[in-house]
Amino acid sequence: MKKLILSATLLLSVATFAQKDELKTLKKIYAKDAPSAEEIQTYKTTLTALETLATEESDKVYTNFYKVMLPILELSSQGATPNPAQVAKLISAKNISILADGLNQTLDFEKKSGKKIYTDDINETIQSYKPMFWDFVVALDGQKKYNEVSEILYSIYQLDKNDQEKLYLAASYAINANNYDRAIDFHKELIAINYTGEGTLYYAKNKASGNEDVYSDKATRDSFVRIGSHILPREEKITSKRGDIFKTYAMLLVEKGKVEEAKTAISDARKMNPKDTSLILLEADMCLKNNDTEMYKKLINEVLVTNPNDVDLLFNLGVVNQNSNQFVEAEKYYTKVLEINPKYVNAYLNLSNMKLFPDLKIVEDMNNLGTSANDLKKYNALKAERVKLFNAALPLLEKAYELDSANESVKSNLLEVYSFLEMTEKYKALKAK
């Protein structure tokens, strides 16, 4: 039994020594500024072997660290001017994401253990390669690969949490890519970190190009002015984007049908931007989608206090009231629209539809009458009522057609009115157009 225990201990020791040797090999190659192709191959082979040997947490962390750094080493092995095709292959959206995860795991482990073995090196690597990652972003943006751009920007942010603007840009590109789920996640994170985007941009005119260059810090801009390559320095304040972030977040939630979350987001956004009517309209639109017409009216009227001549909002109130068969209220709003803008075609069309609305019931009543003298009298009275309705709708439709002759709804309704009123010549002329 003692011999068996001794043998097992010996095997464990051999495995431990083996994995320590593997780590030393990787560390030695990693330390080189430009490892050779042969060393890169040794690095890969050693990694493969070590992945099955690493058992302790520290060994697993550093094995993964060396693994995620492989693309960077491969780039380094190509010298100062790496092949562009190889760069594109190695610095992919997926690889940058993997790199960010691996480096952050290593940084977290070293912070926990209190031993900064690679912390400084990692931070230096991040700052060194961020410009290359940004160039990759610009190239993909030119190809309109917005989803990939979004993911790379997010990975850059993961690499450098101080660079919060990259998260903001990642959220914007996710929207451009119609990836609303990802955009919601990014906006949620922007809100959680209290990102505002406030700051100052520093400008100076480039003598050589004649263009105005922009810098994120004053010292860099001033250095170019000092050496004489730039002139006319100026500064521009960037206002807070926090309100817009909440607003966009709410819009995305509405788009995805997450009503309760959207309500909370809109409420938060309105607290920060109480005068932003677009937020009120967003909430109103959400109410309309959920058939809460009373709250919709309340919110729209709230906006109309600030913008009393907004014909589109007035028209919408007319539509909501018309759909609720509140025709007196609807006519009031349509009339107000036409007072402000006499060329608002849809107001004429909807008013004419309301004038003709009772016609369906009248026709039904006429069809239910018999052939008695009394019924014939009722029939003629109802027919006279129909004539009044169609005569009331006629000028509204003729005006709408005058303003928009290409509107098929207007033309169709006007033909129907001409036909009923037996205006044969006008009917034929319009039909021929």
With [X], which residues qualify under ring-ring contact (aromatic ring centres under 6.0 Å, His included), at least two apart?
{"X": "Phe133", "value": "none"}
{"X": "Tyr418", "value": "none"}
{"X": "Phe246", "value": "none"}
{"X": "Tyr168", "value": "Tyr195"}

Might you point out which heavy atoms bring [X] and [Y] nearest each other, and give the distance in Å?
{"X": "Asn341", "Y": "Val311", "value": "CB-CG1, 4.1 Å"}
{"X": "Ala400", "Y": "Tyr348", "value": "CB-CB, 3.9 Å"}
{"X": "Val149", "Y": "Asp141", "value": "CG2-N, 3.6 Å"}
{"X": "Asp163", "Y": "Lys166", "value": "OD2-NZ, 2.9 Å"}
{"X": "Thr46", "Y": "Thr42", "value": "OG1-O, 2.6 Å"}
{"X": "Arg386", "Y": "Asp359", "value": "NE-OD1, 2.5 Å"}

Measuring from atom [atom1] of [X] to atom [atom2] of [Y], what distance do you get when rounded to the nearest 0.5 angstrom?
{"X": "Ser150", "Y": "Leu140", "atom1": "OG", "atom2": "CG", "answer": "11.5 Å"}
{"X": "Leu415", "Y": "Leu430", "atom1": "CG", "atom2": "CG", "answer": "4.0 Å"}
{"X": "Tyr249", "Y": "Asp185", "atom1": "OH", "atom2": "CG", "answer": "8.5 Å"}
{"X": "Leu396", "Y": "Leu338", "atom1": "CG", "atom2": "CG", "answer": "8.5 Å"}
{"X": "His187", "Y": "Asp244", "atom1": "NE2", "atom2": "CG", "answer": "9.0 Å"}

Subject >> Residue pair Asp101 / Asn64, side-chain donor-acceptor N/O under 3.5 Å >> reply: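 No, because no side-chain N or O of Asp101 sits under 3.5 Å from a partner of the opposite role on Asn64.
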Less than 4.0 angstrom from a charged side-chain N to a carboxylate O is my criterion; do [X] and [Y] meet it?
{"X": "Glu402", "Y": "Lys399", "answer": "yes"}
{"X": "Glu151", "Y": "Arg182", "answer": "yes"}
{"X": "Glu329", "Y": "Lys332", "answer": "yes"}
{"X": "Lys256", "Y": "Glu261", "answer": "no"}
{"X": "Asp365", "Y": "Lys361", "answer": "yes"}

Over 12 non-hydrogen atoms of neighbours within 6.0 angstrom of [atom1] in [X]:
{"X": "Gln164", "atom1": "CD", "answer": "yes"}
{"X": "Glu124", "atom1": "CD", "answer": "no"}
{"X": "Asn368", "atom1": "CG", "answer": "yes"}
{"X": "Glu165", "atom1": "CD", "answer": "no"}
{"X": "Lys241", "atom1": "NZ", "answer": "yes"}
{"X": "Lys411", "atom1": "NZ", "answer": "yes"}

Subject >> Which residues share a side chain to side chain donor-acceptor pair (under 3.5 Å) with Asp160, sequence neighbours left out >> reply: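 For Asp160 the side chain to side chain donor-acceptor pair (under 3.5 Å) partners, ignoring immediate neighbours, are Gln127, Lys130.
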Side chain proximity check, [X] to [Y], heavy atoms < 4.5 angstrom:
{"X": "Asp268", "Y": "Ile191", "value": "no"}
{"X": "Tyr62", "Y": "Glu110", "value": "yes"}
{"X": "Ser409", "Y": "Leu349", "value": "yes"}

**OP:** Apply salt bridge (charged side-chain N to carboxylate O under 4.0 Å, His left out) to the pair Lys263 and Glu260, showing each step before the final yes or no.
**Re:** CA-CA 5 Å; Lys263 284 180 181 177; Glu260 294 307 314; 3.6 Å; yes
**OP:** Please list all pairs passing the salt bridge (Lys or Arg N to Asp or Glu O under 4.0 Å) test where one or both residues lie in residues 291-312, with sequence neighbours left out.
**Re:**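 Non-adjacent pairs meeting salt bridge (Lys or Arg N to Asp or Glu O under 4.0 Å): Arg270-Glu302, Glu294-Lys297.
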Would you please classify the geometry between the [Y] ring and the [X] ring as parallel, tilted or perpendicular, with 30° and 60° separating the classes?
{"X": "Tyr66", "Y": "Tyr30", "value": "perpendicular"}
{"X": "Tyr154", "Y": "Tyr157", "value": "tilted"}
{"X": "Tyr146", "Y": "Tyr173", "value": "tilted"}

